[in-house]
Participant: 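Pasting a structure here, questions to come.
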Number of protein chains: 2
Amino acid sequence: MTAAPSPIRRSTREAQIVAAARRIVEEEGGALTMRRLAAELGIQAPSLYKHFRTKHAVEVALIEQGLLELGAALHGALSGRGRGGMVPRLLTAYRTAAVGNPALYRLATSGPFPRAELPPGLEDWAGEPFLLATGDPCRAQALFSLAHGLVVLEIDDRFPPGSDLRRTWDAGAAAFAS
Amino acid sequence: MTAAPSPIRRSTREAQIVAAARRIVEEEGGALTMRRLAAELGIQAPSLYKHFRTKHAVEVALIEQGLLELGAALHGALSGRGRGGMVPRLLTAYRTAAVGNPALYRLATSGPFPRAELPPGLEDWAGEPFLLATGDPCRAQALFSLAHGLVVLEIDDRFPPGSDLRRTWDAGAAAFAS
DNA sequence: TGACGTAGCTACCAGCGTTAGCTACCGTGG
DNA sequence: CCACGGTAGCTAACGCTGGTAGCTACGTCA
């Protein structure tokens with residue numbers, strides 16, 4: 001298992017801003033705007049631009065947090081050697097981490113991926129458990145796509161009402177447990 | 001195979017507006033705004049509200065079009081009885097239809113699903129091919145999630161550069177080919 | 001003391017969805 | 001023939017968005 005990449009260094013004020021942004025994003029129905037973020041910190045919106053060049057930069061900082069936590073959860077699920085195969089354990093951990101933080105997950109996975117602005121190696125490290133569970137890069141990507149599709153459809157509430165999501169996840173795991 | 005549901009009836013002017021909206025959405029990098037949409041029609045933005053109550057209503061009309069076309073493509077792929085199993089044919093058709101109209105696909109599948117505002121039966125009809133290809137509702141939802149995950153990750157360009165997507169789709173199809 | 005960087009402020013900009021209120025046209029009934 | 005109502009356009013405006021310019025107060029260091 002590769003070591004987790006080190007997060008980007010931030011000043012204390014920057015860390016406070018990211019923490020406030022996270023509070024807003026996790027709060028139900030809270031859209032992240034620069035004015036709301038500033039209000040949460042007791043300052044005016046333009047002052048935020050002394051610390052982050054754009055709103056996108058704030059979002060990237062949140063994405064970095066989310067990927068670190070998701071990666072840690074996935075690696076933990078595989079190293080924990082609980083009962084069941086690697087694929088079901090991986091999917092369970094993925095679902096728990098993502099659905100537990102739906103807004104953060106959506107933020108981190110919608111729109112183009114800010115690969116260049118993230119710590120090098122973070123993406124590979126977070127995705128490594130899929131490679132470990134499948135043994136093949138293409139199968140790993142397919143399994144990841146399945147997990148991602150299941151999560152986004154679940155948190156966007158797109159499955160028809162009355163769906164048995166537990167069994168749907170099981171069916172997905174069964175397909176990839178060879 | 002169930003018959004395709006009939007689309008919602010629209011006045012000619014409404015149809016023109018939806019067509020213009022589609023033109024904008026399909027044009028590369030074109031975000032749909034009421035002012036742009038109005039300009040495309042040679043009128044002012046507030047006039048659009050004589051025909052559609054909100055911007056969301058225009059989007060729903062586009063979603064209806066997208067679902068009808070996607071459903072037709074999927075049903076066609078299964079009834080065509082080409083070579084290969086049902087699952088690979090279904091996934092190929094899904095990928096082709098979605099990636100060919102990325103902006104429309106994203107519009108139709110991001111955010112909450114406007115189930116109540118769409119023609120009754122449309123959702124079930126468009127999803128029916130997944131049931132036909134798998135024979136089980138939960139497996140169908142899982143396969144659909146896989147296809148959706150693959151598509152959104154592909155059109156958002158989130159796979160690491162150099163990925164062999166052809167083989168990734170094949171790996172997904174193989175997992176679900178019983 | 002003077003210079004410089006930090007971190008706040010107010011005032012403002014263009015663009016967004018949307019509303020209010022007005023106007024011109026067009027078909028129909030008295 | 002003329003008034004009525006519906007249709008479909010218009011301008012002006014509101015409150016929100018991300019973002020910029022330019023000012024100010026404060027702390028540090030030569």
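We name chains A, B, ... by the order of the sequence lines, and we start the count at 1 in each one.
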Participant: Decide yes or no for Trp169(A) and Thr92(A): does some side-chain heavy atom of the first lie under 4.5 Å from some side-chain heavy atom of the second?
Facilitator: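 Side chain of Trp169(A) against side chain of Thr92(A), heavy atoms only: no contact under 4.5 Å found.
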Participant: Under 4.0 Å, counting only non-hydrogen atoms across every strand here, what does Leu32(A) touch: a base, just sugar-phosphate, or nothing?
Facilitator: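 Here Leu32(A) touches the backbone only, sparing every base.
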Participant: Find the bend of the helix from dT1(C)-dA30(D) to dG30(C)-dC1(D) as the angle between its two terminal axes (five pairs each), to the nearest 10°.
Facilitator: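 Its terminal axes enclose an angle near 30°.
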Participant: Rounded to the Å, how far apart are Arg35(B) CZ and dC14(D) P?
Facilitator: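 Computing the Arg35(B):CZ to dC14(D):P distance gives 14 Å.
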Participant: So how far is it from Leu70(B) CG to Gln65(B) CD, rounded to the nearest 0.5 Å?
Facilitator: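 The CD atom of Gln65(B) is 13.0 Å from CG of Leu70(B), to the nearest 0.5 Å.
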Participant: What contact category does Arg13(A) fall into here, base, sugar-phosphate, or nothing, at under 4.0 angstrom with non-hydrogen atoms?
Facilitator: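 Result for Arg13(A) = sugar-phosphate.
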Participant: Using the test ring pair (Phe, Tyr, Trp, His ring centres under 6.0 Å), find all partners of Phe144(B) that sit at least two apart in sequence or belong to another chain.
Facilitator: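 Checked Phe144(B) against ring pair (Phe, Tyr, Trp, His ring centres under 6.0 Å); matches are Phe130(B).
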Participant: Under 3.5 Å, which N/O atoms of the protein pair with N/O atoms of nucleotides 24-29 of chain D?
Facilitator:
none

Participant: Of the non-hydrogen atoms in Gln141(A) and Leu165(B), which two are nearest, and what is the gap between them?
Facilitator: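 Taking Gln141(A) first and Leu165(B) second, the nearest heavy atoms are OE1-CD2, 4.2 Å.
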Participant: Quick one: how far along DNA chain C does chain A reach, first to last nucleotide 5' to 3', anything under 4.0 Å to a heavy atom?
Facilitator: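 Range of nucleotides touched by chain A: dA7(C) to dA11(C).
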Participant: Using the test ring pair (Phe, Tyr, Trp, His ring centres under 6.0 Å), find all partners of His148(A) that sit at least two apart in sequence or belong to another chain.
Facilitator: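 For His148(A) the ring pair (Phe, Tyr, Trp, His ring centres under 6.0 Å) partners, ignoring immediate neighbours, are Tyr105(A).
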Participant: When you measure from the side chain of Ser47(B) to the backbone N and O of Ile43(B), does any donor-acceptor pair fall under 3.5 Å?
Facilitator: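 Pair absent, no side-chain N/O of Ser47(B) close to backbone of Ile43(B).
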Participant: Could you tell me whether a side-chain N or O of Arg139(A) sits under 3.5 Å from a main-chain N or O of Phe176(A), the two making a donor and an acceptor?
Facilitator: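 Checked: pair present.
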Participant: Looking at DNA chain D, which of residues 47-56 of chain B put a heavy atom within less than 4.0 Å of it?
Facilitator: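 The stretch gives Ser47(B), Lys50(B), His51(B) as the residues lying under 4.0 Å from the strand, ordered by number.
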Participant: Are Arg36(B) and Glu27(B) ion-paired here, with the side-chain N under 4.0 Å from a carboxylate O?
Facilitator: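 A salt bridge is present here (some side-chain N lies under 4.0 Å from a carboxylate O).
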Participant: If you find the nucleotide of DNA chain C closest to Thr33(B) and the one closest to Gln44(A), which residue's nucleotide is nearer the 5' end?
Facilitator: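 It is Gln44(A), whose closest nucleotide lies nearer the 5' terminus.
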Participant: Using a strict threshold of under 4.0 Å (side-chain N to carboxylate O), is an ion pair present between Glu14(A) and Lys50(A)?
Facilitator: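 The answer is no: the pair does not qualify as a salt bridge.
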Participant: Please check this pair: side chain of Glu59(A) against backbone of Leu107(A), looking for a donor-acceptor N/O pair closer than 3.5 Å.
Facilitator: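 Looks like no, no N/O pair under 3.5 Å.
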Participant: I'd like to know if Arg22(B) and Glu69(B) make a salt bridge, using a cut-off of under 4.0 Å between side-chain N and carboxylate O.
Facilitator: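 Yes, this pair counts.
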